[in-house]
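What follows is a set of notes on a single structure, which appears directly below.
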There are 2 protein chains.
Amino acid sequence: MNIYDISKQSGVSIATVSRVLNNSGYVSEKTRAKVLKVIEQNNYSPNAFARGMANSTMSTIGILCSDAGDLYQAQCIHFLEPLLKKKEFAAIVSCTGYDEKNQENDLQLLLERNVDALILIGSHFISENPKKNEYIVKAAQRIPVCLLNGFLDAENVFCVLHDDEEAARKLTDLVLERGSRAPVFLFRHDSGSTQRKRQGFLDACARHGVTGIEKRVGGDFEEIGRALLDLLQEEGAYDALVACDDEIAVAALKSCQKAGISVPDEMQVTGFNASVLSRACSPELTSYDNRLAFMCEAGMNAIMLALHHEDYPLKTTYNGKLVERDSTRK
Amino acid sequence: MNIYDISKQSGVSIATVSRVLNNSGYVSEKTRAKVLKVIEQNNYSPNAFARGMANSTMSTIGILCSDAGDLYQAQCIHFLEPLLKKKEFAAIVSCTGYDEKNQENDLQLLLERNVDALILIGSHFISENPKKNEYIVKAAQRIPVCLLNGFLDAENVFCVLHDDEEAARKLTDLVLERGSRAPVFLFRHDSGSTQRKRQGFLDACARHGVTGIEKRVGGDFEEIGRALLDLLQEEGAYDALVACDDEIAVAALKSCQKAGISVPDEMQVTGFNASVLSRACSPELTSYDNRLAFMCEAGMNAIMLALHHEDYPLKTTYNGKLVERDSTRK
DNA sequence: TTGTAAGCGTTATCAG
DNA sequence: CTGATAACGCTTACAA
């Protein structure tokens, strides 16, 4: 069943059928009704590929993420897709993992599918080394690119960033104000977001005249736990753990429990993202709500405006809010 | 840049370029090299829409989920997408929410985009009322449909199911063997999976000669918590909570703590899915690992074989494994 | 081994 | 208001 069949059955030309289909041009109410009826009867829907070809778009957006199973990224997809759908776009999701080669390759695959725009979730796609970001800059020469919580200064690359630096500063301020004197910054990957958080952490430390140290903890939940247990046992001097995400923070929390260190009395712990994880543990985590829903909406707006060649700032930073719970002192 | 440009530049016909592009038909090594060079130089890649039109496929799979932010579903996407990509398929993800109308509508949208197959995550898409599943049966008349952890007996619908009934039975057996006499089955939505779990729960109860009751707890983390607190306070008689997923179980755990009921001594609690949540709480949850990675792989295989018109069972059930941790007695 | 040409199902221009 | 028809960029008989 194609447009010719419909045109024959309704006794009009395919041009008219097309007009009805797209609400374009002038069609008398009478013929419109006639055509619609035939369309209905056959529940015909136009071939998407042919349409894509004629319009040179299929209204799809590529969403690139390193790991769709990650709470943070999964939330983003969860917020983004319905927003896109409302604008008649479909979301092609691609999970790259953390390997740079895959990231570039997967992006290329999306381009080859002629997506209308790209959304990259997280700062893992951006490297310190500008050379390595070149492929993103190039992609942006073809279609709008949106970075959610990542930053790259280039034409047609729209960045929406949560103010991670301020967030980390506030969290660190909190634990310091509540008496900590030897805080540790815990991170996993050294992404842009991590760097901003580190900066905020160090700022707060400097401001309070304490020396914060940092510790990288890698791998899965288990491994993080082990690394932290090592940290805690190697020296009893630390009294606060400022983690880059809730998962690390929870692992930290549990390591404290194992090591017989009470939270928050002997050790304050803070997370990031205010995810369901921060509610699952005991004591519940003081964390930072980075308002992913807002971020996704802003990113989607940027993309939509860019697609209509309207103006939008290349960089938007917004702030989240501190969620104080029971892993920090009162 | 299109196939004509390439053909001109390399002094061959478009047919030959196409052959090179697709490794089809006979092309002399010499011309192949020549063409490839031109392709390379222009880093040309064929127009996906035109290809789609000529082949009547763009190698895309539609993934339908109710909520991509849900841990379970996010994990599925995380496992599925890379598998599909390896087979040269792209994944169009659509999040329907829990409203039936949307579910059907979103599925229709995917069909209109000419996806080659559909994967539905979770049992929320299947209704008790066969009428309401009609749209899935119809979809399956056009393309293969795979249900991950959902069941529908219809042509071309491939179901991969974790044996939730056995799982629930084992979890319930465990708490009963460890001394519980008044267990409660906690669920959220009344999906197929829930029903199978309930069956397992009731089975185990019957076998042990105890009467299990069930309780529906709705909404988000907070609400679940409140509902459970009510349950616990209304009557002190219960001594085990068998929850349909880890989130409910964690909420239950915390409600116990709030109510001053010790876990597992006074109250045993079990979860489902062995997600990161089950590790985050204290005590860590006894839960059931439903091997999502395996399920996704099986589902993908079903789809791939169906696409090649090869045979695959319409229903596959596999079992997971019990993960005993600290929310049940020893 | 290569080329010609038909066909895929739309949209959009231009004439009526 | 409606209809012919070119164009979109590819694949694939069929011919050479």
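Rounding to whole angstrom units, CG of residue B:Asn114 and C1' of C:dC8 are separated by 12 Å. A straight line from CG of B:Asn47 to C1' of D:dA7 spans 13 Å, rounded to a whole angstrom. Per the geometry, CG belonging to B:Asn2 stands 12 Å off C1' belonging to D:dA7, to the nearest Å. Atom CE in B:Met58 sits roughly 15 Å away from atom C1' in C:dG9 (whole-Å rounding). Atom-to-atom, NZ of A:Lys34 to C1' of D:dT2 comes out at 11 Å; the value is rounded to the nearest Å. When rounded to the nearest whole Å, the span between CE of A:Met1 and P of C:dC8 equals 14 Å. Taking atom CZ on A:Phe49 and atom P on D:dA7, their separation rounds to 25 Å, with Å as the unit. Rounded to whole angstrom, the span from the CD1 atom of A:Ile3 across to the P atom of C:dG9 amounts to 11 Å.
Checking side-chain atoms of A:Asn22 against main-chain N and O of A:Ser18 turns up a donor-acceptor pair under 3.5 Å. Using modelled atom types, one side-chain atom of B:Ser10 and one backbone atom of B:Ile6 make a donor-acceptor pair closer than 3.5 Å. The backbone N or O of B:Asp5 sits less than 3.5 Å from a side-chain atom of B:Asn2, completing a donor-acceptor pair.
Close to D:dT2, at under 4.0 Å from its OP1 or OP2, lies a side-chain N or O of A:Thr31. The side chain of B:Arg51 contributes no N or O atom lying less than 4.0 Å from OP1 or OP2 of D:dG9.
Residue contacts for B:Ser56: at a heavy-atom cut-off of 4.0 Å it reaches no nucleic acid atom on any strand shown. Within 4.0 Å (heavy atoms only), B:Tyr4 reaches at least one base atom of the nucleic acid.
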Identify each donor-acceptor pair in which a side-chain atom of residues 147-159 of chain A lies under 3.5 Å from a protein atom, sequence neighbours left out, and give them as a table.
{"unit_1": "A:Asn149", "atom_1": "OD1", "unit_2": "A:His162", "atom_2": "N", "d": "3.0"}
{"unit_1": "A:Asn149", "atom_1": "ND2", "unit_2": "A:Tyr72", "atom_2": "OH", "d": "3.2"}
{"unit_1": "A:Asn149", "atom_1": "ND2", "unit_2": "A:Asp164", "atom_2": "OD2", "d": "3.3"}
{"unit_1": "A:Asn156", "atom_1": "ND2", "unit_2": "A:Ala140", "atom_2": "O", "d": "2.7"}
{"unit_1": "A:Asn156", "atom_1": "ND2", "unit_2": "A:Ile143", "atom_2": "O", "d": "3.3"}

What nitrogen or oxygen pairs link the protein and nucleotides 12-16 of chain D at under 3.5 Å?
none

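Side chain to side chain, B:Ser123 and B:Ser191 meet the donor-acceptor criterion of an N or O pair below 3.5 Å.
Distances were taken from every side-chain heavy atom of A:Met53 (C-beta onward) to each of C:dG9, C:dT2, C:dT10; the shortest belongs to C:dG9.
Across all non-hydrogen atoms, the minimal contact from B:Cys76 to B:Met295 is SG-CE, 4.0 Å. Contact between B:Gln73 and B:Ala68 at its shortest, heavy atoms only, is OE1-N, 4.4 Å. For the pair A:Phe125 and A:Asn133, the tightest heavy-atom approach, listed with the atom from each and the gap, is O-OD1, 3.7 Å.
In the region residues 35-46 of chain A, proximity to DNA chain D at under 4.0 angstrom, judged on heavy atoms, holds for none of the residues.
Comparing B:Val27 and B:Ala50 by the nucleotide of DNA chain C that holds the closest heavy atom to each, the one mapping nearer the 5' end is B:Val27.
Between A:Gln103 and A:Tyr135 the shortest side-chain heavy-atom distance falls below 4.5 Å.
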